[in-house]
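Please read the structure below before turning to the comments.
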Amino acid sequence: MLCSGFLHSIWNLYTKKSMNKKVFLWYCQLVAVIALLPWAIIEWDNASINATGWWIILASTVLHGLYTLLLAAAYSAGDLSQVYPIMRGTSPLLVPLIGVTMLDESLSIYGWLGVATIVAGILSLSDIKLLRRREIATGSWKAPLLALAVGVCIASYIVVDKMALAYAPPVLLNEITTIGNLIALTWGALASGGMKQELVKNGRTMLVSGIIAPGGYLLFLFALSLGPVAQLAPMREIGTVFGSVMGIMILREKQGARRIASSLLITAGVITLGFS
């Protein structure tokens, strides 16, 4: 889970710094599909996908594709400090609720305390009060609503992927959903007219992101196959801690003391979940 969160923070940082988000993500998905294809073919014999399994995998593919589209739109519509805490704070709150109510999982009181601590830490990373005043003043709720939609998509595909693992191994599931991401982004990327410019500007980072993005989620899928989603999904938000550290050290973002304190809060929540 630590490795998965770390890899997630790296490719997310690259995506935020890109020029055209849809084009950047499209190239990343293309690299990922090519890189994982040989392994996915080998794992095909280990799959036991019946009609129900295919419907679940199809639902996962649609959710992943919708997530990539909404992610690009959210980053284009709002500031990072505005949308990121909403996106990352929604999932660790919803997934445990869904896991407990729909998948017959359970969390102890310490588990719920860990979840609440993680969500509080993520929300404290943003100037949420200032952002709220700004949104009220302008009357624009597009960016927060897009960010909330992204968070709901994350929570949804995590739960569906947990169910899909009963029919397909992690590598094959990751390959199929990545193909879905590529298809979902194709029209917007090609119509943007920025394919060549983005490739010239960020070719190397797209290559790296195309490897570590599916690699990070693949680690998460392997973890999901070993434990309850209600506990593991919130722990993945340790990536927010890595992202905050990189923001302070690499991007020279301000309010370092508050970000470090918030990161410690998230870390404490992850540790609490680990012992629940």
Side-chain angles (χ1 to χ4, degrees), residues 1-12 25-68 71 91-92 94-96 98-100 102-106 153-186 206-239 273-274:
M1 295 305 300
L2 289 174
C3 291
S4 175
F6 178 66
L7 293 177
H8 178 273
S9 65
I10 294 176
W11 78 259
N12 217 28
L25 289 172
W26 185 89
Y27 276 117
C28 291
Q29 307 310 309
L30 178 63
V31 172
V33 168
I34 296 173
L36 289 177
L37 184 58
W39 193 0
I41 293 174
I42 294 173
E43 288 291 330
W44 181 266
D45 291 336
N46 296 325
S48 55
I49 310 176
N50 55 21
T52 301
W54 279 118
W55 279 112
I56 295 175
I57 292 174
L58 177 61
S60 173
T61 304
V62 171
L63 288 169
H64 276 274
L66 182 60
Y67 159 76
T68 56
L71 181 67
S91 172
L94 292 181
V95 172
I98 298 174
V100 169
M102 297 183 59
L103 302 180
D104 294 326
E105 296 181 351
S106 62
C153 274
I154 294 173
S156 300
Y157 74 61
I158 286 176
V159 174
V160 174
D161 283 353
K162 173 66 174 179
M163 300 167 61
L165 288 172
Y167 303 93
V171 176
L172 181 58
L173 176 61
N174 202 4
E175 176 72 359
I176 294 174
T177 55
T178 303
I179 292 174
N181 293 346
L182 184 67
I183 294 173
L185 289 165
T186 296
M206 287 187 295
L207 181 62
V208 173
S209 298
I211 298 297
I212 63 177
Y217 194 68
L218 187 58
L219 289 174
F220 178 65
L221 289 177
F222 278 120
L224 275 187
S225 65
L226 300 174
V229 68
Q231 181 183 34
L232 294 175
M235 293 176 68
R236 188 169 177 246
E237 301 312 315
I238 192 68
L273 266 174

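These numbers come from the heavy atoms of this one structure, side chains and all, not from hydrogens, waters or symmetry mates. Bear in mind that the values here come from a model prediction, so they are computed numbers and not experimental data.
W11 is linked by a side-chain hydrogen bond (donor to acceptor under 3.5 Å, both in side chains) to nothing, counting only residues two or more places apart in sequence or in another chain. In this structure, the side-chain contact (heavy atoms from CB on, under 4.5 Å) partners of P214, at least two apart in sequence or on a different chain, are A32, L36, N174. Listed by chain and residue number, nothing satisfies the side-chain hydrogen bond (donor to acceptor under 3.5 Å, both in side chains) test with S106 (two or more places apart in sequence, or in another chain). With sequence neighbours excluded, the residues that form a side-chain hydrogen bond (donor to acceptor under 3.5 Å, both in side chains) with N46 are E43. Residues forming a side-chain contact (heavy atoms from CB on, under 4.5 Å) with W44 (at least two apart in sequence, or on another chain): W54, L172. Applying the side-chain contact (heavy atoms from CB on, under 4.5 Å) test to I183 and every residue at least two apart in sequence or in another chain returns I179.
When all heavy atoms are compared, the tightest approach of L7 to G215 is CD1-C, 4.1 Å. In terms of heavy atoms, A168 sits closest to I57 at CB-CD1, 4.0 Å. Contact between P96 and P234 at its shortest, heavy atoms only, is CG-CG, 3.6 Å. When all heavy atoms are compared, the tightest approach of Q29 to L185 is CG-CD1, 3.9 Å.
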Under 3.5 Å, side-chain donor or acceptor atoms of residues 218-225 against the rest of the protein: list the pairs with distances, not counting sequence neighbours.
| from | atom 1 | to | atom 2 | distance (Å) |
| --- | --- | --- | --- | --- |
| S225 | OG | F222 | O | 2.5 |

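Checking L66, T68, I158, V62 one by one against C153, the side chain to side chain contact (heavy atoms under 4.5 Å, CB included) holds for a single residue, L66.
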Subject >> Residues V159, M102; criterion side chain to side chain contact (heavy atoms under 4.5 Å, CB included); working and verdict >> reply: CA-CA 9 Å; V159 174; M102 297 183 59; 5.8 Å; no
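Sorted by first then second residue, the side chain to side chain donor-acceptor pair (under 3.5 Å) pairs that include residues 158-169, not counting sequence neighbours, are S60-D161, H64-D161, D161-Y217.
Here L207 contributes atom CG and I212 contributes atom CD1; the two are 10.5 Å apart, rounded to the nearest 0.5 Å. Between the CG atom in L94 and the OG atom in S156 there is a gap of 7.5 Å [rounded to 0.5 Å]. One finds the CD1 atom of I56 at 11.5 Å from the OG1 atom of T61 (value rounded to the nearest 0.5 Å). Once rounded to the nearest 0.5 Å, the distance linking OG1 of T177 with CG of L182 reads 11.5 Å. The CG atom of N181 lies 10.0 Å from the CG atom of L71; values are rounded to the nearest 0.5 Å.
Taking the side chain as every heavy atom from C-beta outward, V229 and E105 approach each other to under 4.5 Å. Side-chain contact between L103 and M163 is present, with at least one heavy-atom pair separated by less than 4.5 Å.
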